[in-house]
Protein chains: 2
Amino acid sequence: MSLTDTASLHQRIRADIEARILGGDWPPGHRLPVEAELMTQYGCSRMTVNKAVSALADAGLIVRRRRAGSFVARPRIHSAVLDIPDIQSEITARGEAYAFRLLSVRRRAPARGDADEAELAGGGALLALRGAHLASGRPFALEERLISLRAAPAAAEADFALVSPGAWLLEHVAWTEAENRISAINADGPVAEALALDPGAACLVVRRRTWRAGERITNVRLVFPGEAYELVARFGPGQA
Amino acid sequence: MSLTDTASLHQRIRADIEARILGGDWPPGHRLPVEAELMTQYGCSRMTVNKAVSALADAGLIVRRRRAGSFVARPRIHSAVLDIPDIQSEITARGEAYAFRLLSVRRRAPARGDADEAELAGGGALLALRGAHLASGRPFALEERLISLRAAPAAAEADFALVSPGAWLLEHVAWTEAENRISAINADGPVAEALALDPGAACLVVRRRTWRAGERITNVRLVFPGEAYELVARFGPGQA
DNA sequence: CAGTGGTCTAGACCACCAG
DNA sequence: TGGTGGTCTAGACCACTGA
């Protein structure tokens, strides 16, 4: 450990629990020990346990419900800072039917000479996917994704014809950091065709990279019809 | 007040102090009462006061120093990571010369029937500006901005030929909340001409609204060449 | 050195809600 | 309805650091 020495007790308890969550020992939905149990585990008073667990709740890592208990939160792509809505919820929220059409999936090594892919792979293999998000049968977004099989080995067994890669990852892999790069392009032939747009129409491109505790998880590139879609981000001066 | 009723005591104490800071009663650098003083003011135990003030420290609104006391934090320069980068710093960071060319500025009432403009104005008048950000003399972004003269009366006297509206506002008006809406458009004739692009070229559009403690400050619409510019946002799962 | 925040305790009562 | 988290108390000792 790193801060096991100088840190205060509630900080160590918090770090301990945080490590189990980020390490995957406690997956999303896992129920934490009740406060009384943690008191005996750490040999301290309830206030101290409560301070540690409440801090994790404030940070959004866990959800606390009276009578039910405390649970590892299902990570939401809905950060306070930049809100890239989950595409499926976005579409169903509009009252449209959502579907994901998987176009291709294959396992491969990182491309030679591509340092970013190599770092993503982390010495393992990659799962490369292409697919389309459909709203009421009409194409809504194109997705190209790479998943590190080292970070998410279970992805090799997942059936992405049934659940979109993004939704699957949200359910199975906790993330601690993400980066979006947003730009605009003119739709070229294949993209225009896939999105049912006129060639040259403006499209919004979001490239997202995701980490869990410093380890790369996935890269995704999403293409949206530019005039029909809008990304919304709401935030304050914030800490970072 | 709003949450004075149902909220817990430490939440009310926190909201109370927060209101004094955001309202300007306690300016940056102001020293807060010591915990013992707050105990008597609110008639509660020190733990309760501590919880409220510590939460404000976590939120970055105040800074606590042993022996010295607790002080209202000096607002940081631009949250750096998240918000859309200040265009001037962005350009100078690339080693290019920055300039802002003011195209028009006038004072006017909110447009009839435009509820958003009416809310922005808050019963006062608006300052409407148009201008271009230049990098090494070449157009880099177009800006259309509305400033609430009720929220920022000093803007009426500012010389936006010398300093861009965004930079001026950052210097003179603290903000507590902002919202970005990002989309893509094809450049029409005037926009293409102003940005020196081919007609139809994909452009990134950022519309930002800014608040201070619930009061609207400014609306801005920025148009960037889509393929030459990229917005980057990095973030964690976050609280809200 | 003394005043400040940082931490911790061993209780207590309460609100809530899933079983 | 009982178990859970939410809150609060009235103390206590300690670490730090500015006057």
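Letters A, B, ... are given to chains in the order of the sequence lines, protein chains preceding strands, and every chain is numbered from 1.
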A.B. asks: Among the nucleotides dG5(C), dC8(C), dT7(D), which one has an atom lying closest to any side-chain atom of R46(A)?
C.D. replies: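 For R46(A), the side-chain atoms sit closest to dT7(D).
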A.B. asks: Given atom CZ of R67(B) and atom P of dC14(D), what is their separation to the nearest angstrom?
C.D. replies: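 Rounded to the whole Å, the gap is 19 Å.
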A.B. asks: Less than 4.0 Å between a side-chain N and a carboxylate O, is that true for R207(A) and E179(A)?
C.D. replies: no
A.B. asks: For the side chain of A68(A), counting heavy atoms from C-beta on, which of dT9(C), dA18(C), dG6(D) is nearest?
C.D. replies: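 Comparing dT9(C), dA18(C), dG6(D) against the side chain of A68(A), the answer is dA18(C).
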A.B. asks: For N50(A) and dC14(C), give me the distance from atom CG to atom P, rounded to whole Å.
C.D. replies: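 The distance from CG of N50(A) to P of dC14(C) comes to 18 Å, rounded to the nearest Å.
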A.B. asks: When the distance from CG of D58(B) to P of dG5(C) is rounded to whole Å, what number comes out?
C.D. replies: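 Interatomic distance, CG of D58(B) to P of dG5(C): 15 Å.
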A.B. asks: Under 4.0 Å: is that the gap between some side-chain N or O of S54(B) and OP1 or OP2 of dG5(C)?
C.D. replies: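 Negative; the distance criterion is not met.
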A.B. asks: From CG of L9(A) over to C1' of dC14(D), roughly how many Å is that when rounded to an integer?
C.D. replies: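 Value for this atom pair: 15 Å.
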A.B. asks: Can you check whether S8(B) has a side-chain N or O nearer than 4.0 Å to OP1 or OP2 of dG6(D)?
C.D. replies: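 Result: no.
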A.B. asks: Distance-only check: which donor-acceptor pairs under 3.5 Å involve side-chain atoms of residues 35-43 of chain A, not counting sequence neighbours?
C.D. replies:
unit_1: E35(A); atom_1: OE1; unit_2: R46(A); atom_2: NE; d: 2.5
unit_1: E35(A); atom_1: OE1; unit_2: R46(A); atom_2: NH2; d: 3.3
unit_1: E35(A); atom_1: OE2; unit_2: N50(A); atom_2: ND2; d: 2.9
unit_1: E35(A); atom_1: OE2; unit_2: R64(A); atom_2: NH1; d: 3.1
unit_1: E35(A); atom_1: OE2; unit_2: R64(A); atom_2: NH2; d: 2.7
unit_1: E37(A); atom_1: OE2; unit_2: Q41(A); atom_2: NE2; d: 3.1
unit_1: T40(A); atom_1: OG1; unit_2: E37(A); atom_2: O; d: 2.8
unit_1: Y42(A); atom_1: OH; unit_2: D16(A); atom_2: OD2; d: 2.4

A.B. asks: Is the ring pair Y98(A)/H133(A) parallel, tilted or perpendicular, if the boundaries are 30 and 60 degrees?
C.D. replies: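 Aromatic pair Y98(A)/H133(A) classed tilted.
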A.B. asks: Test side chain to side chain contact (heavy atoms under 4.5 Å, CB included) on S148(B) and R216(B); report intermediate values, then the result.
C.D. replies: CA-CA 7 Å; S148(B) 163; R216(B) 298 280 298 272; 5.6 Å; no
A.B. asks: Rounded to whole Å, please give me the gap between CD in Q11(A) and P in dT7(C).
C.D. replies: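 Interatomic distance, CD of Q11(A) to P of dT7(C): 6 Å.
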A.B. asks: Return the value, rounded to whole Å, for the distance between atom NZ of K51(A) and atom P of dG5(C).
C.D. replies: 14 Å
A.B. asks: Output the rounded distance in Å from CE (M47(A)) to P (dT9(D)).
C.D. replies: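 To the nearest whole Å, that distance equals 10 Å.
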A.B. asks: Taking CE from M39(B) and C1' from dT4(C), how many angstroms apart are they, rounded to a whole number?
C.D. replies: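 The distance from CE of M39(B) to C1' of dT4(C) comes to 14 Å, rounded to the nearest Å.
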A.B. asks: Find which nucleotide of DNA chain C each of T48(A) and R66(A) is nearest to by heavy atoms, and output the residue with the more 5' nucleotide.
C.D. replies: T48(A)
A.B. asks: Quick one: is dA10(C) close enough that its OP1 or OP2 comes under 4.0 Å of any side-chain N or O from S45(A)?
C.D. replies: no
A.B. asks: Can you identify which nucleotide, out of dT9(C), dT4(C), dC8(D), has its nearest atom closest to the R31(B) side chain?
C.D. replies: dT4(C)
A.B. asks: Ignoring hydrogens and angles, state whether a donor on the side chain of T218(B) or R145(B) is under 3.5 Å from an acceptor on the partner side chain.
C.D. replies: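 The criterion, which ignores hydrogens and geometry beyond distance, is satisfied for R145(B) and T218(B).
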A.B. asks: Does the base of dG6(D) carry an N or O that pairs as donor and acceptor with the side chain of R65(A) under 3.5 Å?
C.D. replies: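 Such a pair does not exist between side chain and base.
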